[in-house]
Amino acid sequence: MAERRSKATAAEGVNGMDVGIEDVGESEELDLRLSIGHWGWSGASSSLGRRSSWLSPFELTVGSSSCSEDLGFGSRLEQNPGEEITEEMEGVELDGSDFHAAERISSDDMDRDAQHKRAKILFDEEAHLIATPLFADETAALPAIENYIDSHTLGSSGSQMMDYCHNIDAVRISELSNGSQNDGGETDTGNVDNSENRMDLTEDLLHLVFSFLSQRDLCKAGATCKQWLAASMHENFWSCLNLEDAEVTLENFEALCHRHPNAIKVNLVGVLNAEMLVLEAMTSLRCLETLYLGKGQLGDGFFQALTDCPALNSLSIYDTSFGNGIQEISVHHDRLHELKIVKCRVLRVAIRCPQLQTLVLKRTSMAHALLSCPQLDELDLSSCHKLSDAGIRSAATSCPLLTSLDLAFCSCTSDETLREIALACPNICVLDVSYCPNISLESVKLPMLTNLKLHNCHGITSSSLCAISHSRMLKALQLDNCSLLTSVSLDLPHLRSISLVHCRKFLDLNLRSQVLLDVKVSNCSLLQRISIVSDALKKLVLQKQESLANLLLQCHNLQEVDLSDCESLTNSVCEIFSDGGSCPMLKVLVLDNCESLTVVRLNSYSLASISLVGCRAMNVLDLSCPNLLKINLDGCDHLKEASLCPVGLEYLNLGICPKLNALQIEAQKMSVLELKGCGMLSQASISCPSLTSLDASFCRQFTDDSLSSTAASCPQIESLILSSCVLIAFDGLSSLHWLQYLTQLDLSYTFLVNLQPVFDSCCQLLILKLSACKCLEDSSLDALYNGGALPALRELDLSYSSIGQAAIVDLLAYCRNLVNVNLNGCACLHKLAWGSTEFQSTGMKIGPTLSNLLPLGNGDISCNKSDHLLEFLNCTGCPYLKKVVIPSTACCFRLTKLNLNLSANLKEVDLACPNLSSLNLSNCSSLEILKLDCPRLTNLQLSACSMLSEAAVEAAISGCCISEPPNVHSSTRVRLLQRITGT
């Protein structure tokens, strides 16, 4: 019964009379819903099913109201089945989903809601925010807003809005908790004066939040509750009716227009039957100013009705057929300022708009255009292929105030037409005649022209530049793909930008303009000469100008120049960029792949970066650039002489110049110098007082004199690598006394015999590498183990050297400060057995007693200061090594890693090293005896140890903490794993 009464009451509210439920059919109910905005509401069970087609699942759950109960009214009907509802709703539905119904609150409901006061914001004279208390149930409004915003990304402003929401809500809840609401349900205002200016907090917040929503989302929000409905229907949100590509009926659109009569902008692009809708809009919306139409058809009636829309000042029509496509369309309006007819199909167009300032007829298929627009300022006729030369002339000359004219792709345009336009429209500032093959600009004078576009104008030649030179106000010129253009010579005081791309016959460019900012020249393969005078130009890019040989620049503010792939540039180009030249502010210079450059000499105080990548013909480089911070010489294979005095470089790598034979560097800030691979370098003068690292590996011509001068002028060197410097001898090593901070010295692959200068001078040395020094004798290292030289030495590399067995034994016995020792490939090493007579020395005790052993904090066993610091011992590939014995008396308590890999003749290994964690015996094919007393051993490699029995392996690892079997062949590994795990 409640449902039956609600339907009857709703119908009565719409039609203005009592209508029973029997008189209202299903189709009438649907028509009722889509009517001018009055909706009748029934119970939840009946109305929800019919509304499910236009309410999404999201709409049924959004907000604090229960949309599943007919937007909040269904629950009221169920609670009061005998009560008749007389509420009415005004709104519109578009395509059943785009625009949902908007709700108008009845006077009865407003009276009921008036009992519950909303929170107010009081602004006193000191701008302090005071929140008055409100009814407790209304605090649900803000969470509803938050839930909706969380499901719709609003951006940073939306996030700030929600922060504001939280703060206000906290104030309101705080007021309630203080008991500020009185018993009568009225809000207690305390001492607040009623005359103060107050603002409704909730409405204002909703208005701000809804300002971030689209109109479709506003409709969805309005269907949530009456409060949201009122906020979503604010006129500010509906000043623009955007219905692009929407499916909307005439009745719904009429309702929308009547609902928002003050809309000023309407978009009906892609809407079916747009002509009928726009006629309704022009009739109903008296404030309409902007109208967008497109993707349809318009007849004479639309253009005749334009006069019925007096406020219209902008009309845009896109991709539309006018009439039947063969008739004339007349556009007449007294206040229209902007008219755009783009990609439309019509035969003739007549436009009479006395106030029109902008007219765009781009890509329109008209053959005739009659214009009566005395105030027209901008005319666009581009791509009007069917418009004749006479038609263009007639249209343009009828607009004497024209300042911008676009005739691009109008292939019929002639010089005669341009001359008449120039006479009739002397104020033209912007002209685009791109892709007009008949244009040569002969005798065309446009003194006010500021922007000229001549893309693909094959009639433009060097003589055409005479006409352009009369345009003294010209600021921008584009001459791309002008295939007959051979030279450009312009002296224009206001020229700021010029573009010359793919001008195949272009030979000479001469520009003079003190305000020139942008010069774009690219792919002009025959260009030979460029002369530019400008005080404003800061960056010049002239890439891939293969024929460019002469470059003259007078650009006092030029900072960056890119001449990559200009293969014909000669050495004289360097004079332009040197001090005393015409580019005193130059900072970045790129000369990559300029293959004709042989000598590069630059003297520039401002230059900070230079790139000479791929300059293969360059053999001399002379730079005097005190502020130079970066240089790239990749691919400079033939560089022989380099002088960098002075430069501001901090790092330099010349190892990519294999033919360099003379080097002079003066760099106060340089800390790292790489000369690795400069095999021809014989003369080097390096003055770098801050240099800390010098790598001269494989500099086979590096002499003692070069080393001596370098050491004297670079006293801060800490790392010196002279590997394969075969000419270094005693005299060179004697100069190392200058290097008081030297900590790393690499003399590998040299023919040194006497190392005494190293022992005498390098007291701070930590790392000494003598790998593959075949001329070393046992006595060469006497100072190490007998004289106590190099007390700070921690790493010694004697791999593949000629040091004998005795010297190695003495080193291991007495050089107890060594942490890392490399003896890889030492052919003279036969036995390494601590505790043997070879390790004994008169007057010296090898190891301490057990009482000297000290436990470390982590459980490791340590010893006193006389014991070994050795941690890493590498003896890989020692072909004649047969026995390695390290007993506990050797005091190698710090040894953690021992590598004996590839020692093919090794037969016995007996180790008692309490901290050893890794042992590599791979490929020791002769190994037969393995004894290990290494409780911390976790990694054991036994690959290819074919002579070692399974029982020997098991016995060896019994005292170790190996959790996995050693790396042996698979069958033995499986059995060892079973024994270890006890399975």
Side-chain angles (χ1 to χ4, degrees), residues 697-698 721 723-724 746-752 767-778 780-781 784 794-813 815 818-834 836 838-839 870-886 890 892 895-911 913 916-932 934 937 939-948 953 956 966-969:
S697 302
F698 302 99
I721 301 177
S723 177
S724 297
D746 189 350
L747 298 173
S748 302
Y749 294 92
T750 59
F751 299 108
L752 293 169
I767 301 174
L768 177 60
K769 296 185 178 182
L770 301 171
S771 178
C773 292
K774 301 297 185 180
C775 295
L776 286 179
E777 300 175 353
D778 289 0
S780 299
L781 302 178
L784 278 179
R794 293 294 180 268
E795 180 177 342
L796 178 62
D797 189 353
L798 295 173
S799 301
Y800 304 99
S801 66
S802 58
I803 295 295
Q805 170 80 19
I808 293 175
V809 168
D810 288 340
L811 283 171
L812 294 177
C815 296
L818 292 175
V819 174
N820 189 346
V821 176
N822 293 321
L823 300 172
N824 303 322
C826 288
C828 297
L829 184 60
H830 304 287
K831 182 172 64 172
L832 193 60
W834 270 270
S836 65
E838 297 180 11
F839 274 78
L870 187 65
E871 296 181 11
F872 308 100
L873 179 59
N874 296 311
C875 298
T876 300
C878 295
Y880 302 109
L881 182 62
K882 297 181 179 181
K883 184 177 181 180
V884 176
V885 177
I886 305 179
C892 294
L895 186 63
T896 59
K897 184 176 181 181
L898 177 59
N899 191 353
L900 300 171
N901 183 28
L902 296 172
S903 297
N905 290 311
L906 183 62
K907 294 184 178 182
E908 180 181 352
V909 174
D910 186 353
L911 305 177
C913 303
L916 188 67
S917 61
S918 177
L919 175 60
N920 189 352
L921 295 171
S922 300
N923 300 291
C924 295
S925 55
S926 300
L927 185 62
E928 298 177 354
I929 301 174
L930 178 61
K931 297 179 182 181
L932 300 177
C934 307
L937 186 65
N939 183 9
L940 177 59
Q941 302 292 326
L942 294 173
S943 298
C945 293
S946 56
M947 300 294 291
L948 193 62
V953 174
N967 187 8
V968 294
H969 49 83

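No hydrogens, no waters, no symmetry mates; every other heavy atom, side chains included, goes into these values.
Pairing each heavy atom of Leu881 with each of Cys875, the nearest pair is CD2-CB, 4.5 Å. When all heavy atoms of Cys913 and Leu895 are compared, the closest pair comes out as SG-CD2, 4.0 Å. Scanning both residues, Glu908 and Leu927, for their nearest heavy atoms gives N-CD1, 4.0 Å. The shortest heavy-atom contact between Leu823 and Leu798 is CD2-CB, 4.1 Å. The two atoms that bring Cys815 and Leu784 nearest to each other are SG-O, 3.6 Å, heavy atoms only. Of all non-hydrogen atoms in Ala904 and Ser926, the two that sit nearest each other are O-OG, 2.7 Å.
Contacts of Thr876 classified as side chain to side chain donor-acceptor pair (under 3.5 Å), with partners at least two apart in sequence or in another chain: Asn899. With sequence neighbours left out, the side-chain contact (heavy atoms from CB on, under 4.5 Å) criterion links Ser802 to Leu776. Evaluation of the side chain to side chain donor-acceptor pair (under 3.5 Å) rule for Asp910 yields no partner, not counting sequence neighbours.
Put simply, CG on Leu796 and CG on Leu781 are 7.0 Å apart, with the number rounded to the nearest 0.5 Å. To the nearest 0.5 angstrom, Arg794 atom CZ is 12.0 Å from Asn820 atom CG. Note that SG of Cys828 and CD1 of Ile808 are 7.0 Å apart. Values are rounded to the nearest 0.5 Å. The distance from the OG atom of Ser723 to the CG atom of Leu747 is 9.0 Å, given to the nearest 0.5 Å. One distance of note links CG of Leu911 with CG of Leu930; it measures 7.5 Å at 0.5 Å rounding. Residue Lys907 holds its NZ atom at 12.0 Å from NZ of Lys883, rounded to the nearest 0.5 Å.
In this structure a side-chain-to-backbone donor-acceptor pair under 3.5 Å is present from Asp778 to Gly804. Judged by distance alone, the side chain of Glu777 and the main-chain N or O of Ile803 form no donor-acceptor pair under 3.5 Å. In this structure a side-chain-to-backbone donor-acceptor pair under 3.5 Å is present from Lys774 to Tyr800.
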Is there a side-chain contact (heavy atoms from CB on, under 4.5 Å) between Leu768 and Asp797 once you walk through the steps? CA-CA 6 Å; Leu768 177 60; Asp797 189 353; over 6 Å; no

Notebook entry, point to check: Would Asn874 and Asn822 satisfy side chain to side chain donor-acceptor pair (under 3.5 Å), going step by step from the backbone distance to the final call?
Noted result: CA-CA 5 Å; Asn874 296 311; Asn822 293 321; 2.6 Å; yes

Assess whether side-chain contact (heavy atoms from CB on, under 4.5 Å) is satisfied between Glu928 and Leu948, documenting all intermediate values. CA-CA 5 Å; Glu928 298 177 354; Leu948 193 62; 5.7 Å; no

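Between Asn920 and Leu898 the shortest side-chain heavy-atom distance does not fall below 4.5 Å. In this structure, the side chains of Ile929 and Val909 stay at 4.5 Å or more apart for every pair of heavy atoms. Using a 4.5 Å cut-off on side-chain heavy atoms (C-beta onward), Leu873 and Leu832 make contact. Contact check for Glu871 versus Lys897: no side-chain heavy atoms found under the 4.5 Å cut-off. Looking at Thr896 and Phe872, their side chains come closer than 4.5 Å, going by heavy atoms from C-beta outward. Taking the side chain as every heavy atom from C-beta outward, Ser801 and Leu770 never approach each other to under 4.5 Å.
If you check the side chains of Asn901 and Asn923, you find a donor sitting under 3.5 Å from an acceptor.
Shown are Pro879, Cys878, Ser925; of these, the side chain to side chain contact (heavy atoms under 4.5 Å, CB included) with Ser903 is made only by Cys878.
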